[in-house]
Protein chains: 4
Amino acid sequence: MTKNIAIIGASGYTGAELIRLIAEHPQMRIAALVANSKAGKSVSEVFAHLRHLDLPDLVTLDAVDFAGIDLCFCALPHKTSQEVIAGLPKTLKIVDLSADFRLSDVDAYQKWYGNPHSAADLQPEAVYGLTEFYRAEIAKARLVAGTGCNAATGQFALRPLIADGVIGLEDIILDMKCAVSGAGRALKENLLHAELSEGYNAYAVGGTHRHLGEFDQEFSKIAGREVKVQFTPHLIPANRGILCTVYVSGDAQKIDASLRAAYAGEPFVEVLPFGEVPSTHHVRGSNYVHIGVTADRIPGRAIVIAALDNLCKGSSGQALQNANLMLGLPETMGLTAAPLFP
Amino acid sequence: MTKNIAIIGASGYTGAELIRLIAEHPQMRIAALVANSKAGKSVSEVFAHLRHLDLPDLVTLDAVDFAGIDLCFCALPHKTSQEVIAGLPKTLKIVDLSADFRLSDVDAYQKWYGNPHSAADLQPEAVYGLTEFYRAEIAKARLVAGTGCNAATGQFALRPLIADGVIGLEDIILDMKCAVSGAGRALKENLLHAELSEGYNAYAVGGTHRHLGEFDQEFSKIAGREVKVQFTPHLIPANRGILCTVYVSGDAQKIDASLRAAYAGEPFVEVLPFGEVPSTHHVRGSNYVHIGVTADRIPGRAIVIAALDNLCKGSSGQALQNANLMLGLPETMGLTAAPLFP
Amino acid sequence: MTKNIAIIGASGYTGAELIRLIAEHPQMRIAALVANSKAGKSVSEVFAHLRHLDLPDLVTLDAVDFAGIDLCFCALPHKTSQEVIAGLPKTLKIVDLSADFRLSDVDAYQKWYGNPHSAADLQPEAVYGLTEFYRAEIAKARLVAGTGCNAATGQFALRPLIADGVIGLEDIILDMKCAVSGAGRALKENLLHAELSEGYNAYAVGGTHRHLGEFDQEFSKIAGREVKVQFTPHLIPANRGILCTVYVSGDAQKIDASLRAAYAGEPFVEVLPFGEVPSTHHVRGSNYVHIGVTADRIPGRAIVIAALDNLCKGSSGQALQNANLMLGLPETMGLTAAPLFP
Amino acid sequence: MTKNIAIIGASGYTGAELIRLIAEHPQMRIAALVANSKAGKSVSEVFAHLRHLDLPDLVTLDAVDFAGIDLCFCALPHKTSQEVIAGLPKTLKIVDLSADFRLSDVDAYQKWYGNPHSAADLQPEAVYGLTEFYRAEIAKARLVAGTGCNAATGQFALRPLIADGVIGLEDIILDMKCAVSGAGRALKENLLHAELSEGYNAYAVGGTHRHLGEFDQEFSKIAGREVKVQFTPHLIPANRGILCTVYVSGDAQKIDASLRAAYAGEPFVEVLPFGEVPSTHHVRGSNYVHIGVTADRIPGRAIVIAALDNLCKGSSGQALQNANLMLGLPETMGLTAAPLFP
């Protein structure tokens, strides 16, 4: 039976990506689209690429009757998301794409995001949304917290390796290359085409990027002790994609075997032949993750590289994958489209 | 019942696009992939973005048993395509994506393409593949000749206007902006990233582009007299998309009405509100065409702009749309995915 | 003797381009940089690519003593420019890069720009800054009005042809392809990298672009009668460059000869061999203009294409060329650097 | 007195960059341009952006009379360069831009480049061309070996730190992001715009990139013991630029102080304020290097980032800087132009 879906925060890139994906989903229909600042407009006016779709107009949150909604995606900025979700019916299934429920420790949330958690009572029921590792919990959850896009990429490379104890925990470095849509549709000078194209740079260097909160939480949980990684994101002149180059100590063959075992049977995670390298070109617009392992010339050192599409597998595609589980639908439904290349 | 599909010329961009589209088609399966120069390789080795698909390896043409094939796409370079198709079973349904059967006059073919037609006996049964205008003939055809991508774009803007007699025929100018994938995967210096990105230029200026053969044939047929247009293509630093700015004489409101009437009910052609302009951003990766009409400040002059994705609606998407018709399937099957933006 | 230069509006792209050029000019030094909104900052903070230069900090307009200034560039938005220039010393040499003094008819100014001219008393002494055609007047001028970047490009292609009477005046069409820096450093959604790269579109279609005011003024003056052209700009995913494809009626050989004669001896204007086409790739970062003529297959129709760098020859380079004349320096001084390719 | 310059290998990107730079050099003139495969052509035919220059046509090597040449740049592929240089007059001053004389140990050359050194007798007189560190030797040299572009970038970040003993030598990681012009003008599929733009990937992972030969040689020489670094290059969709993110152990403040001391007074090396990050945007088209240091949240760990333009400071600009020294000219002559932004 077709499920009725609401999207709150439909005028940003992750909102648009949700609409794009759900439009092709055989068991979902979009029943409500909320975007307070653009309420009254049609989707075509905000996203002309969705012009051909038969969609409800954008409305304010007040205008939605949630009684008939089976699941709600919340694609709002952090902080706003907590406030909005706190006001939604307590029985409504929700996939939140913001950072607001990712950190189980509300003090850690305040540390990384700067504001106190405003829905601390909901935090305990939130399940961390990295599907491949929290599948069972997500299927039973009412509230799922989508992961950070960088956080997802790094975890795909590292979780099995930490769990299997095949790498050292003291010298993990994640050098990440992030496409610009990860920064959203905000009007900032450094996101202008003239400022961004034809050049690139690091940002949030030295351990200040908020997704470190997720790395710290998850890697420490797996290891059973505190794990702190180094993580440097770079802004690359491309629209979609995250490439994470991870430097670790350990035996490259064991690392490869660990990843291969962990992802055997996973529909969306491809471990490349040993020594091959993934490219963001080959996952763009899709829900697939590519991972490759290479041994370094220095014995005992290896490089693990993971690539995914930040808007899809890193955000809206992951959210839909989780929603499928929460609604009892096949996990891959509506998500198997191949990447767009070239 | 699932149809068995062969693709000849599977290692180029239109071949990859066909695989991408057919992989999601509910009633087709890829039974054979031919790429003589890369025979023996897996699809992953040639197109890593298709790595997750369960596909047959690339083979030579000889290795294919066409007995079990319901329809064959031929995505070869022109001239080669004629030779290959001449050797295929005479009962096999074929959608040819090359230029080899687009021009009904074999002398015109030789004039524009420089070589004599080598399958002139097959030409009479070839149907011109612009679906929206040859739907009935395509449904009955054995051999369909896919249109040029530029030729398709210009015709979407102009065919109804010529048919309805709402524009002058002596001063039609098509200024076209073409993304680079239209030039294929050939190793040419001007297609290198370092030569192409961050700049742009016209090419084939002055009426030498081969797609003029199609414009001449089709526009003259509609008008019942010779029509010759001016057409200047430009190479733009983007991977997908064609934007065609058409300058015509005529009443802009009548022009708008003509297009609106012609495309009412068409699933893939969107006529924008009067005065709005299409963008290739909003059709990328999809089978949709956007068309917009604006009146010029000079009375009696109008601008019609059409945008589509050259690899999809301009080539492989159109081919699949035609194949659906030829196989008795719903015309839109497998083609309704929304564009990828951003 | 070294000339003291002030730049008002130093924090925009044309301001930065002026600094870049003047830094290498052997007879100029930058004495004052005005940017009200960023006063107190160093140039490095606003333009990190100029970090190595020894420059004065940005100041407010009030802080500048114009007594020691030999020439002032004004790189402000239109309307603001008029107000500021009206308050400057009446003997100060000024090159204005805005639109505020380009149109000799103040009513035409109001028509195209929407606000009344606020310095109408200064308008009569303003000289139109298309150097190659107003050289003598510019050398004697106190106030020079830099042209629009699109306006310059179109005029390079057309002025000699209208003057020589070798083209028809009723059917001139300029299809222009403009890089994004022409839109300035303003924070607009359509200028974001994620919205702009990988796609393109027309804008200001139908005769609404303000640079038509310049075309109307200049072409009518040359022809001695009213000339109205069609002009459609397109926004292209590149940072610098304007390519103008001009469709005209006339004999292509005569057109070529007219341009060749007009630009013989011009240091910055290159007329390509007949039938060759210019590219924005080949003028990027330089003060050069490339022009090429091709005959169309339709007798009596020709295509003229001009390419230049909008920030340099289309704006700041032109401004410096004019300043050289006004200060009695060699016209090409500081402007002969080759384009940057790739 | 003006120096006569020859360029051998004038049809590649580094050759074009040399022409661009020398055209503005007040004390050099280009006397001969060699490009065997394009001999007989004008420079305009090969590089249309240099059309305005008055240059000799391209000739074969045989056609050059080296008697009147003061200095020769050799911009050929490695291996070819050795063979050609071996045949040049033994008194001719040469700056070689290839890899052929960078490694003082001819066995190391064979190990990294796969072919035996064919001019081993010349190797002892070759001086490694990293100007800031070999200034005195270069000024006296007859044969200077230009560095690898990646090798230069990494050394700017690390040489002072190794020399001053402020970092650990066992865990140095260089994660490098390289623009495409570094791969030259070769016709390779992965360098096509359609394959490269909008995505990115690592290559030569695991310690196989040839520039490691230079790192090993130079870092070991400075340290007085063997130093082996990890180095992963990535291909980024941009035309010019290298950004090197270096992960080291050490005190960030001492690291910053070491770099600041080393580069005090260097005309082309800018050490940014502590905690700021360089961008390739801000060095494009110039001979400047930007370096920034940041402390990581993990005590004892720091990140050093260096950015330069691979074609200029990383290759042809460096070569010209060395040529200036070899000819007794001011080191910065012809090299002080500001970067092009945007």
Side-chain angles (χ1 to χ4, degrees), chain B residues 170-171 173 175 177 179 190 192-208 212 228-232 234-241 243 245 247 249 252 275-284 290 292-298 301-303 305 307 339-342, chain C residues 170-171 173 175 177 179 190 192-208 212 228-232 234-241 243 245 247 249 252 275-284 290 292-298 301-303 305 307 339-342:
Chain B
E170 303 303 330
D171 57 357
I173 293 175
D175 190 282
K177 293 87 179 169
N190 72 318
L192 292 174
H193 188 280
E195 308 269 330
L196 185 75
S197 77
E198 276 299 297
Y200 37 99
N201 56 269
Y203 66 98
V205 181
T208 61
L212 276 167
K228 288 204 162 187
V229 299
Q230 277 191 277
F231 161 41
T232 312
H234 299 75
L235 189 57
I236 302 294
N239 286 340
R240 286 176 178 245
L243 188 82
T245 310
Y247 297 89
S249 56
E276 289 192 15
V277 292
S279 168
T280 64
H281 284 107
H282 302 140
V283 293
R284 190 164 47 132
H290 287 187
V293 179
T294 307
D296 195 74
R297 63 168 183 162
I298 299 176
R301 300 286 307 165
I303 299 104
I305 306 180
L340 193 72
F341 175 87
Chain C
E170 302 303 330
D171 56 357
I173 293 176
D175 189 282
K177 292 88 178 169
N190 71 319
L192 292 174
H193 187 279
E195 309 270 329
L196 186 74
S197 77
E198 276 298 298
Y200 37 99
N201 55 271
Y203 65 98
V205 182
T208 61
L212 276 166
K228 287 203 163 187
V229 301
Q230 276 191 277
F231 161 42
T232 313
H234 299 75
L235 189 57
I236 301 293
N239 285 342
R240 285 175 179 247
L243 188 82
T245 310
Y247 298 89
S249 56
E276 289 192 15
V277 292
S279 169
T280 63
H281 285 106
H282 302 139
V283 293
R284 190 164 47 132
H290 286 187
V293 179
T294 307
D296 195 75
R297 63 169 183 161
I298 300 176
R301 301 286 307 165
I303 298 103
I305 306 180
L340 192 71
F341 175 87

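Below, chain A is the first sequence line, B the second, and so on; all start at residue 1.
Put simply, of C:Leu212, C:Ile305, C:Leu192, the one with the most heavy-atom pairs under 4.5 Å next to chain B is C:Leu212. With chain B as the partner, the residue from C:Val283, C:Asn239, C:Thr208 showing the most heavy-atom pairs under 4.5 Å is C:Asn239. Contacts with chain C were tallied for B:His281, B:Glu195, B:Arg240, B:Arg301; B:His281 has the most, counting heavy-atom pairs under 4.5 Å. No other option in B:Ile298, B:Ile173, B:Val277 has as many heavy-atom pairs under 4.5 Å with chain C as B:Ile173.
Neither the backbone nor the side chain of C:Ala252 has a heavy atom closer than 4.5 Å to any heavy atom of chain B. Both the backbone and the side chain of C:Ala202 come within contact range of chain B, with heavy atoms under 4.5 Å apart. Residue contact with chain B, scored on non-hydrogen atoms closer than 4.5 Å, involves the backbone of C:Ser197 exclusively. Only the side chain of C:Thr294 has a heavy atom closer than 4.5 Å to any heavy atom of chain B. If you measure heavy-atom distances from C:Pro237 to chain B, the contacts under 4.5 Å come from both the backbone and the side chain. Contacts of B:Ala194 with chain C are made by both backbone and side-chain atoms, with heavy-atom separations under 4.5 Å. Proximity to chain C involves both the backbone and the side chain of B:Ala179, based on heavy atoms less than 4.5 angstrom apart. Using a 4.5 Å cut-off between heavy atoms, C:His234 contacts chain B through its side chain alone, with no backbone atom that close.
Taking the six-membered ring where the residue is Trp, B:His282 and B:His290 present tilted rings, their angle falling between 30° and 60°.
Scanning both residues, C:Gly241 and B:Tyr200, for their nearest heavy atoms gives O-OH, 2.8 Å.
Between C:Lys177 and C:Thr280 the shortest side-chain heavy-atom distance does not fall below 4.5 Å.
With sequence neighbours left out, B:Arg284 forms a side-chain hydrogen bond (donor to acceptor under 3.5 Å, both in side chains) with no residue at all. For the salt bridge (charged side-chain N to carboxylate O under 4.0 Å, His left out) test, no residue two or more places apart in sequence or in another chain qualifies with B:Asp296.
To the nearest 0.5 angstrom, C:Leu340 atom CG is 10.0 Å from B:Glu198 atom CD. In this structure, the separation between CG on B:Asp171 and CD on C:Glu170 is 12.5 Å, given to the nearest 0.5 Å.
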- Task: Let me see the working for B:Tyr247 and C:Asp175 under side chain to side chain donor-acceptor pair (under 3.5 Å), right down to the final yes or no.
- Result: CA-CA 10 Å; B:Tyr247 297 89; C:Asp175 189 282; 2.6 Å; yes

